[in-house]
Amino acid sequence: MLDLQQLRKDLPTVINGLARRHVVFDEAQFRALEDERKKRQIETEELQAKRNAASKQIGMMKAKGEDTTTVMAEVAGWGDIQKANEVALGELQEKLNQFLRQIPNIPHADVPVGKSELDNVEVRKWGTPKTFNFTVKDHVDIGEALGGIDFETAAKLSGARFSVLRGSVARLHRALAQFMLNTHTLEHGYTEVYVPYMVNDHCIDGVTNLEKFRDDGFKIDGRDMYLIPTAEVPVTNFVRDEIVDAKQLPMKFACHTPCFRSEAGSYGKDTRGMIRQHQFDKVEIVQIVAPENSLAAHEELTRHAETILQKLELPYRTMLLCTGDIGFASAKTYDLEVWLPAQNTYREISSCSLYEAFQARRMMARVKNQQGKTEYLHTINGSGLAVGRTLVAILENYQNADGSVTIPTVLVPYMGGVTKLEMPK
RNA sequence: GGAGAGGUGGCAGAGUGGUCGAAUGCACCAGACUCGAAAUCUGGCGUACGGUUUUACCGUACCGUGAGUUCGAAUCUCACCCUCUCCGCCA
């Protein structure tokens, strides 16, 4: 949610900022709502003040045993007027609130203007894609040949966009999550957290737009609960409705959860394999920081995610998303894209976003700073990394001519010393 | 699922219709005392929204949530949510 104060005091900056991401701010509607709200609010509060004073007077007169019939007669009709006022004001404020909540974040000045992902800017590239002296297979063929990925059984159980992993591939999947968590907690200073996988609608609306989310999320039938689309939702909401002490910052959390997404808008996209699933595991890293530190913290967090790819020796590139491609709540986003030999291209494996105060305003998450003033926190999160897609990247990048897959060195201890996934005999 | 208790400021905890945004204690901040600290004393100390003469003053709202009764609700009524205890069931 944008800052209402800023809209009132400095509308041009907001309009220009949104224009950079090709969003047209409806100035006429905003001004009309604001004017009406202001008029109605002043009127309502003034009458209420009058009524409060009269009631207080009645109380004092009764205490002294005086006759109050005259005053009470005067006040009698005010209640109904006031009720009508309050209803009207409430409706106006709700409209204004709805209006505000549908507006996306203003892109940070660093973000390049662009229309689509084609305009994203590569800021760095790491590693060199390996050349293979045989025809590379994709992760589906590799995994099925190893007896480790089973889409048929998954389809029987749950339908499309699910997978069953078996044996050493299932273990590799687990090893990856463990390795990521250990790296972030032991080397990057994050605190490991375990959280609910179902959350209420306040949590969803705190980090994104609930209306937008409805199409892409899974709701629990008969309850106001949703399956989390990412650990960002429960973890960021730790600070909802809180005023934290400046000494508690920065907060850094690492969290491994499954993520559930309906993928409603992606029919026909990535239908093969594990790239796009209704359920996938992810290790999420989240930072909650003081406003003045957020830009640097975002860079740091992005590097933390990159570290995982480097340790796994997977070639990747870091993309700065353009204004046309950043998410609703984001002010600035880096996507990490890993090299997938079978697709002969880089594919997203992590998204690291800086939200500034956008989520904090929705969540009422604030900090009492050193000067004793209350201000909104800044929130940052990123995938560190998506476990399923990392598994895909390893199967494809580490495949051998005989169908086996070499285990990256850092994962060997997590695999109980196994250095290679072998073809079944 | 059954029975009971309860939800008040950062925390603890009073308050059962009227100068209650709310006693008191703790915590916190500032000052005094002190060489310094502790102890003690004095003062301050919620949030959101709005207005204005915009680092200040004034107003409105907020005692789990929503609705109701009333001139007036933390206090009374109803519904809902949540927490805790015991029993049952259960990974």
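This one's a predicted model, so the numbers in the text were calculated from it and none came from an experiment. In what follows, every chain begins at residue 1, and chains take the letters A, B, ... in the order their sequences are listed.
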In Å, rounded to the nearest 0.5 Å, how long is the span from CD of A:Glu144 to NE2 of A:His139?
9.0 Å
Rounded to the nearest 0.5 Å, the CG atom of A:Asn105 sits from the NZ atom of A:Lys332 at a distance of 13.5 Å
If you measure from the [atom1] atom in [N] to the same atom in [M], how many Å do you get, rounded?
N: B:rU47; M: B:rA79; atom1: P; value: 36 Å
N: B:rC20; M: B:rA61; atom1: C1'; value: 15 Å
N: B:rC82; M: B:rG66; atom1: P; value: 16 Å
N: B:rA14; M: B:rG25; atom1: C1'; value: 11 Å
N: B:rU65; M: B:rU70; atom1: P; value: 23 Å
N: B:rU83; M: B:rG72; atom1: C1'; value: 32 Å
N: B:rA22; M: B:rG59; atom1: P; value: 13 Å
N: B:rA23; M: B:rA74; atom1: P; value: 15 Å

Please state whether the phosphate of [N], meaning OP1 or OP2, lies under 4.0 angstrom from any side-chain nitrogen or oxygen of [X].
X: A:Thr44; N: B:rU60; value: no
X: A:Lys50; N: B:rC71; value: no
X: A:Arg366; N: B:rA48; value: yes

Nearest whole Å is fine: how far is [N] [atom2] from [X] [atom1]?
X: A:Gln57; N: B:rG18; atom1: CD; atom2: C1'; answer: 13 Å
X: A:Lys9; N: B:rC49; atom1: NZ; atom2: C1'; answer: 13 Å
X: A:Asn97; N: B:rA48; atom1: CG; atom2: C1'; answer: 13 Å
X: A:His202; N: B:rU65; atom1: NE2; atom2: C1'; answer: 9 Å
X: A:Asp3; N: B:rA48; atom1: CG; atom2: C1'; answer: 14 Å
X: A:Ile243; N: B:rG46; atom1: CD1; atom2: C1'; answer: 8 Å
X: A:Gln93; N: B:rU60; atom1: CD; atom2: P; answer: 16 Å
X: A:Glu46; N: B:rU52; atom1: CD; atom2: P; answer: 11 Å

Close aromatic pair by centroid cut-off 6.0 Å: A:Tyr197 and A:Phe260:
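No, too far apart.
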Need to verify one output field. Residue with the more 5' nearest nucleotide on RNA chain B, A:Gln5 or A:Arg51?
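That would be A:Gln5.
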Return the 5'-most residue of the pair A:Gly59, A:Lys247 with respect to RNA chain B, ranking by each residue's nearest nucleotide.
A:Gly59
Options [options], nucleotide nearest the side-chain atoms of [X]:
X: A:Glu45; options: B:rA48, B:rG51, B:rU60; value: B:rU60
X: A:Lys56; options: B:rG51, B:rG21, B:rU47; value: B:rG21
X: A:Lys38; options: B:rC49, B:rG51, B:rG18; value: B:rG51
X: A:Ser55; options: B:rC71, B:rU47, B:rC49; value: B:rC71
X: A:Gln48; options: B:rC71, B:rU60, B:rU19; value: B:rU60
X: A:Asn52; options: B:rG51, B:rA48, B:rU60; value: B:rU60
X: A:Ala49; options: B:rU47, B:rG21, B:rU60; value: B:rU60

Parallel, tilted or perpendicular: which describes the rings of [X] and [Y], with under 30° parallel and over 60° perpendicular?
X: A:Tyr334; Y: A:His298; result: parallel
X: A:His188; Y: A:Tyr190; result: perpendicular
X: A:Phe30; Y: A:Phe99; result: parallel

Around atom CE of A:Met198, are there more than 12 heavy atoms of other residues, nucleotides or ligands at under 6.0 Å?
no
Would you say A:Glu152 has more than 12 foreign heavy atoms packed within less than 6.0 Å of its CD?
no
Answer yes or no: is there a donor N or O on one side and an acceptor on the other, between the side chain of A:Glu299 and the main chain of A:Ala296, under 3.5 Å?
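No; judged by distance alone, with no hydrogens or angles, the pair does not exist.
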In this structure, which stretches of RNA chain B are paired as stems of three or more consecutive Watson-Crick or G-U pairs, both distances less than 3.5 Å?
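Stems for RNA chain B, defined as runs of 3 or more consecutive pairs: B:1-7 with B:81-87, B:10-12 with B:24-26, B:28-32 with B:40-44, B:46-52 with B:56-62, B:64-68 with B:76-80.
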